[in-house]
There are 2 protein chains.
Amino acid sequence: MRLTIADIARLADVSKATVSTVLNDKPGISPKTRKKVLAIVQKYGYRPSHVARSLSTRRTHTIGLVIKEIVNPYYARIIKGVFDGCTDNGYTVLLGSSELAPPKERQSIEKLLNYGVDGMIISPLQGEEIDFTYLARLTQEQYPLVMLNNVQNYATHVVDIDNVKAAFDAVCYLIGLGHRKIAYLTGPASSVHNSERLTGYQQALMNHNLPITQKFIVTAGSYIENGFRTGKALFSDDDDVPTAVLCYNDLVAIGLANALIEMNIPVPERVSIIGFDDIDFCRSFRIPLTTVHIPAYEIGKAAADLLIRTIDQPAANPNGYEKVVLPALLMERNSCATIA
Amino acid sequence: MRLTIADIARLADVSKATVSTVLNDKPGISPKTRKKVLAIVQKYGYRPSHVARSLSTRRTHTIGLVIKEIVNPYYARIIKGVFDGCTDNGYTVLLGSSELAPPKERQSIEKLLNYGVDGMIISPLQGEEIDFTYLARLTQEQYPLVMLNNVQNYATHVVDIDNVKAAFDAVCYLIGLGHRKIAYLTGPASSVHNSERLTGYQQALMNHNLPITQKFIVTAGSYIENGFRTGKALFSDDDDVPTAVLCYNDLVAIGLANALIEMNIPVPERVSIIGFDDIDFCRSFRIPLTTVHIPAYEIGKAAADLLIRTIDQPAANPNGYEKVVLPALLMERNSCATIA
DNA sequence: CGCATTAACTAAACCGGTTTATTTAATTAA
DNA sequence: TTAATTAAATAAACCGGTTTAGTTAATGCG
């Protein structure tokens, strides 16, 4: 059985309170006693129980991170950012994932809450069936929360890029290359990023007096297969086909590119493709992918910093919510070309 | 402030003990009382503090997972497997990562230990500078541990594939295609998987009376860039160049393929390539990659199951350690060809 | 020198659950 | 009717820390 603070107190011939004071580097202990206690602690390799400390301080020094998909290189970078941000500040991460299913999201959040995390970073799903009242209750209780995308009608900290602008810029870039028939392969309906990117896409077309064709807004998803299948369907129709496609993310873009190549439609000669995220693999793909770089690691780190700041100085944000917008950058590689 | 069990007891006009008994579904409570308590619990949305429960039961229902790299699609699948295996059994995962640095590994492990995880799944680093005495101490204390690779001179549960055999089979496959000059691009020295794969590679060559050339065993690493740079170096020498290369993992293989293509050396026509892991992108790479499929998700899940079994029934394994070996499978795709 | 102040240390309460030993009430057996 | 047994509920101790209020010893000051 592990040693407790009482054991150390007995061994050092002092009280539990003294041991506690020494270990927390608080004043009021003579150098002699401090040394004596530390020697015993050292000798027996004593490590205080984090659980007991959490109970009495009512702080677990643990934060919850709820993402949408574990097996997704984009979220891997988010996780690493959050992880590093927490480790630097003496916090630990409890991981949760909704795997794109609203009930699972809620389950994850409640579970983390039960575990007593001091705050949470959430990449929330959105949609008709989603009920934010339980999150709203948290906010009312001043529970520290940072979201990784905007949430409608809900005041909270947010760390994200400007998705509307990013999509807008990407589409303008395509228009600048001469494209007029530009499609958008959407992500899952539950994704806020997706709806914002769609908005940016539409705004860019409108700004250039180009028509918004429903046929060119195609529901895909977030995986390679989605891009592949949607691409096949979209380009099987011969007479009216886009010359450029903005994709919800890189995986969809890769799937699309593979579909086009399989159909003998050269990329970028006949179709230009832009993705989102800039996952590592973009550069190594058969056609190095032009994509909107999202600083996922930095987002994760900024979210952790903001959250921990909020936890450690609750008074510092008297009802004000921060919105941290990080820069996204279009990475021009080889999947886009001027139109012939 | 959140409600405590004392609040509920007061509201239901019973004792704390009764509330606790009801909530843990233990016998000895009249149906009437049970109903009354549950009604109050329901009404106020009471959720017991996990921390307090952990302190008194001395079980946190949390396990630690220490991997080598967060941003690595292979480990993402491991994480998901562990995650699912834990969630199914009412456990939660605390994540740690060594990021390939021994001191960080140790830090992570000690941190998780302090947090009171009930057991740990570790993908341990190995090498001269690594000191396993602290892990050995844990094992002596019957601390539940599952390793994701073999550890020398150290009795513990292990869940893994047979790396020696997998590499052996892969090289035999290349030899079967007519290759005689086969190189191996190694992973990091700290990787046990790497040394086992190297062994399998050497055994296969020996079995076929082929020479083991030091020049053809090249230190690469675990990232795309490593494969790229090592590939460039290996193939810049014109007169004695391999016709096939086994790579430590898929990322290295992708880097190598990119390097060869850039050098106008066609794959697989002039050089065959085999990777390890079968990450998602293998299929979407410019040359669909032949690779050894490692069931990472299943490994994670099996490790979680084994660990939780060990935690929940400490007596069940009276000093016996399980070694779970899952099947690896060579996925024949387009990066290998018979020699001209 | 005696009293006020400060420094060093400790006893005991507390955090929010679980569990053991005990009490109380209800039922059964004689 | 009464003693013995069983069922239901509870009081109190406990898990391993932190913290508050209080005690004791040492120091400062007029």
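In what follows, chains are A, B, ... by sequence order, proteins preceding strands, each numbered from 1. Side chains included, hydrogens not; waters and symmetry mates left out as well; all remaining heavy atoms used. Here the structure is a predicted model, which means the values were calculated and not measured.
- Sorted by first and then second residue, the salt bridge (Lys or Arg N to Asp or Glu O under 4.0 Å) pairs with a member in residues 139-151 of chain B form an empty list; sequence neighbours excluded.
- Following rounding to the nearest Å, A:Leu55 (CG) and D:dC15 (C1') show an atom-to-atom distance of 9 Å.
- At the heavy-atom level, B:Ile29 lies under 4.0 Å from the strands shown only through sugar-phosphate atoms.
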Scan the side chains in residues 295-308 of chain B for donor-acceptor partners under 3.5 Å anywhere in the protein, sequence neighbours excluded, and list what turns up.
from	atom 1	to	atom 2	distance (Å)
B:Tyr297	OH	B:Asp84	OD2	2.5

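- The side-chain contact (heavy atoms from CB on, under 4.5 Å) check on B:Ala17 picks up B:Ser15, with sequence neighbours excluded.
- For B:Arg58, no side-chain nitrogen or oxygen approaches OP1 or OP2 of D:dC15 to under 4.0 Å.
- Rounded to whole Å, the distance from NZ on B:Lys26 to P on C:dT18 is 8 Å.
- Partners of A:Thr33 under the side-chain contact (heavy atoms from CB on, under 4.5 Å) rule, at least two apart in sequence or in another chain, are A:Val14, A:Thr18, A:Ile29, A:Ser30, A:Val37.
- The distance between atom CG of B:Asn114 and atom C1' of D:dG17, rounded to the nearest whole Å, is 13 Å.
- Evaluation of the side-chain hydrogen bond (donor to acceptor under 3.5 Å, both in side chains) rule for A:Tyr46 yields no partner, not counting sequence neighbours.
- Side-chain N/O atoms of A:Lys32 include none lying less than 4.0 angstrom from OP1 or OP2 on C:dA8.
- The salt bridge (charged side-chain N to carboxylate O under 4.0 Å, His left out) search around B:Arg10 returns B:Asp7, not counting sequence neighbours.
- Residue pairs meeting the ring pair (Phe, Tyr, Trp, His ring centres under 6.0 Å) criterion with at least one member in residues 70-95 of chain A, sequence neighbours excluded, are A:His61-A:Tyr91.
- As a whole-Å value, the separation of A:Tyr115 OH from C:dG17 P is 15 Å.
- Put simply, NE2 on B:His61 is 15 Å from P on C:dG17, counting in whole angstrom units.
- We find that CG of B:Asp13 is positioned 8 Å from P of D:dT10, with the value rounded to whole Å.
- The separation between B:Arg53 atom CZ and C:dG17 atom P is 8 Å, rounded to whole Å.
- The OG atom of A:Ser54 sits 7.5 Å away from atom CG of A:Asp118, with the distance rounded to the nearest 0.5 Å.
- A salt bridge (Lys or Arg N to Asp or Glu O under 4.0 Å) check over residues 32-47 of chain A, counting only residues at least two apart or in different chains, returns the pairs A:Arg47-B:Glu110.
- A heavy atom closer than 4.0 Å to some atom of DNA chain D occurs in B:Val14, B:Ser15, B:Ala17, B:Thr18, these being the qualifying members of residues 14-25 of chain B.
- In terms of the side-chain hydrogen bond (donor to acceptor under 3.5 Å, both in side chains) criterion, residue partners of B:Lys323 (sequence neighbours excluded) are, by chain and number, B:Asn150.
- Overall bending of the helix from C:dC1-D:dG30 to C:dA30-D:dT1, expressed as the angle between end axes built from five pairs apiece, is 50° (10° steps).
- When the side-chain nitrogen and oxygen atoms of B:Ser30 are compared with OP1 and OP2 of D:dA9, one or more of them lie within a distance under 4.0 Å.
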| Criterion side chain to side chain donor-acceptor pair (under 3.5 Å) on A:Tyr115 and B:Thr92, from CA distance to verdict | CA-CA 9 Å; A:Tyr115 267 77; B:Thr92 298; 3.0 Å; yes
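- One can place CD1 of B:Ile8 at 13 Å from C1' of C:dG17, the figure rounded to the nearest angstrom.
- Of the residues in residues 33-51 of chain A, those lying under 4.0 Å from DNA chain D by heavy-atom distance are A:Tyr46, A:Pro48, A:Ser49.
- There is a side-chain donor-acceptor pair under 3.5 Å between A:Thr139 and A:Tyr154.
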